[in-house]
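Take a look at the structure below.
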Amino acid sequence: MLSILSATGWDNFIAGFNSFMETMTKFFASGLGKVVLFIIVAIIGFILIKVFIKMLRNMGKKVKLDQTVYKFLVTVVKFVLWVLYALTLLAIVGVPITSLVAIITALTLGVTLAIQSSVSNLANGIILLANKPFKIGDFVEINGVSGTVVDISIFNTKIRTGNNEMITMPHNVTINNPIIDYTSLEMRRIVLDVSVSYDSDMAKVKEVLLETIKEQELVLQDQANSVNLAKMNSSSIDFSVKVWTATENYWDCFYAFTESVFNKLNENNIEIPYNKLDVFIKNIEQQQIEFTNAKAKKD
């Protein structure tokens, strides 16, 4: 008896539910129903999209992914959700979605052809963000421009030069040129060419240069620093001095070491050759006298 009642109750529930859904369908198919459905979907959809995007942004602080790439992905998801939101609302009010999608596709194609350069920048930006040849804060050189990377967007990279100039580098340029990242590694090598006279004692020169390396605090003494005779020029002999230093100390070490080398060579009376020019001045007065005598003879 209980099973019969249960079966009868379930059938009544299903019949009632179907009747309710039929009534609601007829209501939302009517003009007033469409207005109510439009308002409900508009409010709930707006709130859900806002909440979902906020959740994605909060998740970005926890995931192990480059923040620039993650922000781009959030932007794409946000764009897709708002497009679906708009299409849903248009479908509720009776706009034919198929025709609308065809129009949007045609417009997108036309805009894409009109802004090929920007689209190319966008594609290159995605490739750049995926490969990550450099990051914000790195000191780089791209297409002859060197400076610190301060921002990497989807379309371009912003570089601040040593003269505090902000340069915007399109990704079309960045992706098609060699990228030199000076700060991606912990150490950098300084190469200094030191010219001395042929009259100098070469063993003494090498000894002085090695001593200069040992006295420089910013030079990493546990690395393979070296002094070698590199070139014999027409009026000088060049030594190649190579030392290692921490990346953050590169320029301080470079200037301090160059000054130390110059002072050490002078202290040890080692000649640094330079171009000399001998000037001979003719006796102008004698030329005038000769000219006067020649004129007199002619008269």
Side-chain angles (χ1 to χ4, degrees), residues 13-132 135-137 149-158 166 168-172 174:
F13 172 77
I14 294 297
F17 179 77
N18 290 334
S19 176
F20 171 77
M21 291 302 297
E22 185 179 352
T23 303
M24 294 302 296
T25 302
K26 290 179 180 180
F27 171 74
F28 286 118
S30 64
L32 179 60
K34 287 183 178 180
V35 173
V36 174
L37 181 61
F38 181 90
I39 295 173
I40 293 174
V41 173
I43 296 174
I44 295 177
F46 182 84
I47 294 173
L48 289 177
I49 291 175
K50 287 289 185 182
V51 171
F52 185 71
I53 295 300
K54 187 175 181 180
M55 288 175 57
L56 285 179
R57 287 173 177 167
N58 292 334
M59 287 174 57
K61 301 175 183 178
K62 302 176 182 179
V63 297
K64 294 181 179 180
L65 187 66
D66 186 272
Q67 290 301 305
T68 306
V69 177
Y70 191 82
K71 288 179 181 178
F72 171 70
L73 294 176
V74 172
T75 302
V76 172
V77 172
K78 183 179 178 181
F79 175 77
V80 172
L81 289 176
W82 284 117
V83 169
L84 293 175
Y85 174 76
L87 291 176
T88 302
L89 294 178
L90 291 172
I92 291 174
V93 297
V95 176
I97 300 301
T98 305
S99 302
L100 186 61
V101 170
I103 294 173
I104 293 175
T105 303
L107 289 175
T108 303
L109 179 60
V111 172
T112 302
L113 293 175
I115 54 172
Q116 289 183 7
S117 179
S118 297
V119 173
S120 177
N121 267 332
L122 175 61
N124 289 329
I126 295 173
I127 296 173
L128 195 69
L129 292 172
N131 293 330
K132 294 187 291 186
K135 61 182 183 299
I136 294 175
V149 179
V150 296
D151 183 57
I152 306 173
S153 67
I154 300 301
F155 294 100
N156 53 58
T157 296
K158 290 185 179 179
M166 191 67 71
T168 300
M169 187 79 64
H171 289 322
N172 282 344
T174 304

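Values in this document were obtained by computation on a predicted structure and should not be read as measured data.
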Name each donor-acceptor pair under 3.5 Å that joins a side chain in residues 73-85 to protein atoms two or more places apart or in another chain, with its distance.
unit_1, atom_1, unit_2, atom_2, d
Thr75, OG1, Lys71, O, 2.8
Tyr85, OH, Ala42, O, 2.7

Residue set satisfying side chain to side chain contact (heavy atoms under 4.5 Å, CB included) with Val41, at least two apart, ordered chain then number -> Leu37, Thr88, Leu89, Ile92

Could you go through Leu128 and Thr174, starting from their C-alpha distance and side-chain angles, then the distance that decides it, and tell me whether this counts as side chain to side chain contact (heavy atoms under 4.5 Å, CB included)? CA-CA 9 Å; Leu128 195 69; Thr174 304; 4.1 Å; yes

To the nearest 0.5 Å, what is the distance between CG (Asn156) and CG (Asn172)? 10.5 Å

Which distance, rounded to the nearest 0.5 Å, do you find between the NZ of Lys158 and the CE of Met169? 13.5 Å

So do the side chains of Thr157 and Asp151 get within less than 4.5 Å of each other, counting heavy atoms only? no

Taking atom CD1 of Ile43 and atom CG of Leu48, what is their separation to the nearest 0.5 Å? 11.5 Å

